[in-house]
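Comments concern the structure below.
Everything quoted here is computed from the prediction, not taken from an experiment. Quick note on labels: first sequence line is chain A, next is B, and so on, each numbered from 1.
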Amino acid sequence: MVAISAAMDTAREAALLVRARGTSSAQHEEAFNEVFEAFRKPVLALCLHLTGSRTEAEDAAQDVFLVVFQGLARFRGESRVSTWIYRIAIRTAFRTKARRPKTEPLVVDPPGPASDPALDHEKSRQLRTALGRLSADHRTVLALFSLDGLSHIEIASTLGIPEGTVWSRLHLARKKLAAELRSVGY
Amino acid sequence: MNGCEGFEIAIEMRLHGAADADASERLNAHLATCSACRKFETDARRMEDSMRSDTENLVRQVDWKRLRARVRQIKVANWSLPAGLLLSLFGFLAAFFIGASFARKGGLTWRQLTSFAPSLGVLLFSVALFIVALFVYSLKKSAARIREARKAEESPDGLLAYCRKELEEQIRRLRLGWLVPVGAAPLLFMTAWNAHRAQLPGVLLVVTDAILPLFFIGLGLHGRFVLRPRLQRELEELS
């Protein structure tokens, strides 16, 4: 399994911010390209878990990078770049999800050409349905922990909660997800 | 709540690399005797693996070039309004200076210029005043909206209500959009009439002077027939 890395070391982040604040548009563009390459997969993964739909995840990811592009030069560095981007991603994903008609089933996307056989698709559908039944807080904490390279300290900072609360929230979310998975026959 | 809750949290911590050697050893000793915690650990790993493989399938399917191109397109679209306003302002200035230069060369009498310049001057001043007022207003409004949005994001319900309110406000603003083409059409007519009366070298002057009214007419029609129906649909879905 190829892990989706959510990390970017602090030195690289600092260099990136210098370029983003540079006067030339080429530097700005280069910084954005680097952010896009580093965060496109984790941002999409996060959006997928939070919206429960592939098309909405793509739309949300697109909006996230638009906000990042517009705000990167003005980012003051009070938190890590990753924390800032994940906060935007969470906000955007929930906004995208809130716009979905209530009557629409949670998962309607057909399997893509590269997806695994029908059984895997069914499992994936059940997982997203179960995740969709959780509260926003629980879904967010599970989605963030499923990204590789994101420490519990960064997750706490992203969510704006104490480090200890992260573990108890994850534990509670895991229990609820297990119960929901059982109810959908996973 | 059962007595194993502390160990279950320790399992989560170890799964994410946050448990030290001592805690891990204590956990192993407990796992050797507790089948419920062993099951919890297996289930937790399985759920993490499922979530990861689910996203990896998606990541493989996404057309990243298209996604990046869409971001670029929206970036360009965001610049179209200020660019349009700037172009219009430039058109006005060009019209004014062309008229003045003709007056200096004697190609235009002062009477002819005065029949044309006041309407231009008043329009130019009004547009400049409008832009400044709009800028100050939007700064104040944005600050208030950012504060409101942050508050709304504290809960999904709050966020939903905020989205609905935003949409309603945008639709209300667009309802007044018919004023834009209705206001711009006489301007367009006045420009053409004044240019004709003053016998100015028509094409260039009318083209430069007509940019602003035409831009506003386009803006008004776009709001009425494209933006408003889309926002109405979104609001219906949210309701």
Where on B:L15 is there a heavy atom nearer than 4.5 Å to chain A: the side chain, the backbone, both, or neither?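 The answer is the side chain of B:L15.
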Flag side-chain contact, heavy atom, 4.5 Å: B:M47 against A:L142: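 With C-beta onward as the side chain, the pair stays apart.
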Distance alone, cut at 3.5 Å: any donor-acceptor contact between the side chains of A:H171 and B:E12?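 Distance-only check fails for A:H171 and B:E12.
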Can A:H152 and B:H16 be said to form a side chain to side chain contact (heavy atoms under 4.5 Å, CB included), step by step? CA-CA 8 Å; A:H152 71 283; B:H16 296 100; over 6 Å; no
So for [X], is it side chain, backbone, both, or neither that comes closer than 4.5 Å to the heavy atoms of chain B?
| X | value |
| --- | --- |
| A:L127 | side chain |
| A:F36 | side chain |
| A:L181 | side chain |
| A:E163 | neither |

Between CE on residue B:M13 and CG on residue A:L170, distance to nearest 0.5 Å: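 Here the rounded value is 10.5 Å.
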Are B:E48 and A:R174 ion-paired here, with the side-chain N under 4.0 Å from a carboxylate O?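 Counted as a salt bridge, because a side-chain N and a carboxylate O are separated by less than 4.0 Å.
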